[in-house]
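Bear in mind the structure is a predicted one, so any value in this text is a computation, not a measurement. All chains are named by letter (A, B, ...) in the order of the sequence lines, taking the proteins before the strands, and each is independently numbered beginning at 1.
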Number of protein chains: 2
Amino acid sequence: MNVPYRSAMAADPPARRGRPALLDAEQVVDAAVAILDAEGLAAVSFRRLSTELGVSHMTLYGYFDSKDDLLEALVARTIAVPAVRRSSTAPWDEVLLAVMLDIHRQLVSRPGIAELLITRELTGEWVAGVREQLLDILRNAGFTQRRATDGLSVLFNYLLGAVMIETHRGRGGSAASFRLGLRYLIDGLKSDLP
Amino acid sequence: MNVPYRSAMAADPPARRGRPALLDAEQVVDAAVAILDAEGLAAVSFRRLSTELGVSHMTLYGYFDSKDDLLEALVARTIAVPAVRRSSTAPWDEVLLAVMLDIHRQLVSRPGIAELLITRELTGEWVAGVREQLLDILRNAGFTQRRATDGLSVLFNYLLGAVMIETHRGRGGSAASFRLGLRYLIDGLKSDLP
DNA sequence: ACCTGAACACCGTTCAAGT
DNA sequence: ACCTGAACACCGTTCAAGT
């Protein structure tokens, strides 16, 4: 595995020995995002990317060890862990609702990302960050660890299913009906509070 | 579009003029199911299938107009519309729960099918059949058409998300937590009954 | 009627070589 | 240090020809 974002992380002076790099990983991800937005996930390929960037497709292996590596960087770039103000005085169920709606909005706005989260191993710091945040909300509300992780699974199942269906625009999911189900789930969780 | 299952549907005597077919569509789907079960959806390809069947990959275009056509037949073959006995005296929410669990069991037992349902346009008689059945349950329970379709969206979002996550074995979904969320959703629907 | 190979336009990845 | 083309093992699909 390459050190991710090799060039971007270099805080030390750029005076290295040897041939200077043509690109840095950020530029590759930029180009990938542009293709994703314009033509969807299926159009994102090393070969396509390389012609867009004016390099050999093999050059990209200098920045990412594999296509999966690139896609993970794409996920990391494109969605932010929602900022939840822990100092908030709002009740936990309202905070939870707001965070879920925020994630939903982000994922729907970049079709393809939800698919990556489900399909690839869903590791990566975004997943861990969101997970930790939601677990915190549930534990602070009084759920046991076990109840909290089960509740989280339920919420993620619903969220990702809704996003997948909406973004592939089969019939079914409207934004309004997404809220409806989310309310059912959160009400259900509330009723199970010890 | 080819007439689906051309040979299989022929109830008239098989005496046709011209060269007899080497295969029929059922055999192709059989082979596709075998590959799906053994190696997953990504391994199902016209070329792979054709070597397995001992024909040119181009021969398969005589049975299916495109790969999407084949995949639709794969879905149709592999999952049955759950039999719901309308005469049942059980309350609607129990019937709904049972049907959802049945669909869940079927989809989990054949990883890849849920992905096809979401990704491809989700047309086809299986989807229509299940949809009609669940709508019936909800309408008979007293939901308006609007409420019923929204409820259905919510249930499908959850079901397909859960199956996708479980079959891709990211953390998250256990069969037990699937039931939990399903109960929340059905309880929510019940509480919204006019 | 039905089957076929060649060709086209794509993939990701390995390897050995070039600067 | 970094970049590159050739090669390998794959895709789906079109087309014109073969039986």
Side-chain angles (χ1 to χ4, degrees), chain A residues 1-3 5-10 12-28 31-32 35-36 39-74 112 116 119-120, chain B residues 1-3 5-10 12-28 31-32 35-36 39-74 112 116 119-120:
Chain A
M1 173 91 134
N2 282 320
V3 173
Y5 298 83
R6 182 195 290 129
S7 309
M9 292 181 102
D12 44 309
R16 302 283 227 310
R17 67 184 78 256
R19 193 214 275 228
L22 287 178
L23 260 30
D24 74 61
E26 300 284 358
Q27 290 174 61
V28 181
I35 294 174
L36 177 67
E39 296 172 52
L41 194 54
V44 177
S45 72
F46 270 30
R47 297 180 108 111
R48 167 70 185 278
L49 230 21
S50 70
T51 72
E52 214 113 312
L53 292 165
V55 297
S56 156
H57 68 281
M58 289 314 303
T59 302
L60 301 183
Y61 282 92
Y63 301 91
F64 302 95
D65 278 346
S66 65
K67 190 182 180 182
D68 270 34
D69 252 43
L70 201 217
L71 294 176
E72 202 168 304
L74 228 192
L116 290 176
T119 286
R120 317 281 151 169
Chain B
M1 172 92 135
N2 281 321
V3 174
Y5 298 83
R6 183 193 294 126
S7 308
M9 292 181 102
D12 44 309
R16 302 285 228 308
R17 67 183 80 255
R19 194 213 274 227
L22 287 179
L23 259 32
D24 74 60
E26 300 284 358
Q27 290 174 63
V28 181
I35 295 173
L36 176 67
E39 297 173 52
L41 195 54
V44 177
S45 73
F46 269 30
R47 297 179 107 111
R48 166 72 185 277
L49 231 20
S50 69
T51 72
E52 214 113 315
L53 292 165
V55 297
S56 157
H57 69 281
M58 289 313 303
T59 301
L60 300 183
Y61 281 93
Y63 302 90
F64 302 95
D65 278 346
S66 67
K67 189 181 182 183
D68 270 33
D69 252 43
L70 200 218
L71 294 176
E72 203 167 304
L74 227 193
L116 290 176
T119 286
R120 316 283 149 168

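Counting to the nearest Å, the P atom of dG18(C) and the CE atom of Met58(A) are 16 Å from each other. dT13(C) atom P lies 6 Å from atom CZ of Phe46(A), rounded to whole Å. In this entry the distance linking CZ of Arg47(A) with C1' of dC8(C) reads 14 Å, nearest Å. Atom pair Phe64(A):CZ and dG12(C):C1' shows a separation of 15 Å (rounding to whole Å applied). Counting to the nearest Å, the P atom of dT13(C) and the CG atom of Leu70(A) are 10 Å from each other. If you take CZ of Arg19(A) and C1' of dG18(C), they are 9 Å apart, rounded to a whole angstrom. Whole-Å rounding puts the Leu49(B) CG to dC11(D) P distance at 10 Å. Atom pair Tyr61(B):OH and dT14(D):C1' shows a separation of 9 Å (rounding to whole Å applied).
Looking at Tyr63(B), its side chain does come within 3.5 Å of a backbone N or O of Leu23(B) through a donor-acceptor pair. At distances below 3.5 Å, at least one donor-acceptor pair connects side-chain atoms of Thr51(A) with backbone N or O atoms of Arg48(A).
When both distances must be under 3.5 Å, the Watson-Crick or G-U wobble mate of dA17(C) does not exist. dC11(D) makes up no base pair with any nucleotide shown, lacking Watson-Crick or G-U wobble contacts both under 3.5 Å. Nucleotide dC3(D) has no partner under the Watson-Crick or G-U criteria, as no pair reaches both atom distances under 3.5 Å.
Within 4.0 Å of Thr59(A), counting heavy atoms only, lies at least one base atom of the nucleic acid.
Residue Ser56(A) places no side-chain N or O under 4.0 Å from the OP1 or OP2 atom of dC3(D).
The listed nucleotides are dA6(C), dG12(C), dC15(C); the one nearest the side chain of Lys67(A) is dG12(C). When distances are taken from the side chain of Val55(A) to each of dC11(C), dT4(D), dT13(C), the shortest belongs to dT4(D). Closest to the side chain of His57(A), out of dA7(D), dC11(D), dC11(C), is dA7(D).
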Quick one, Phe64(A) with Phe46(A), criterion ring-ring contact (aromatic ring centres under 6.0 Å, His included). Give me CA distance, side-chain angles, the key distance, then yes/no. CA-CA 10 Å; Phe64(A) 302 95; Phe46(A) 270 30; 7.2 Å; no
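To the nearest whole angstrom, the two P atoms, one in dC10(C) and one in dA9(D), are 22 Å apart.
Here the straight-line distance linking atom CE of Met58(B) with atom CZ of Arg47(B) works out to 9.0 Å at 0.5 Å rounding.
The shortest side-chain heavy-atom distance between Leu60(A) and Leu53(A) falls under the 4.5 Å cut-off.
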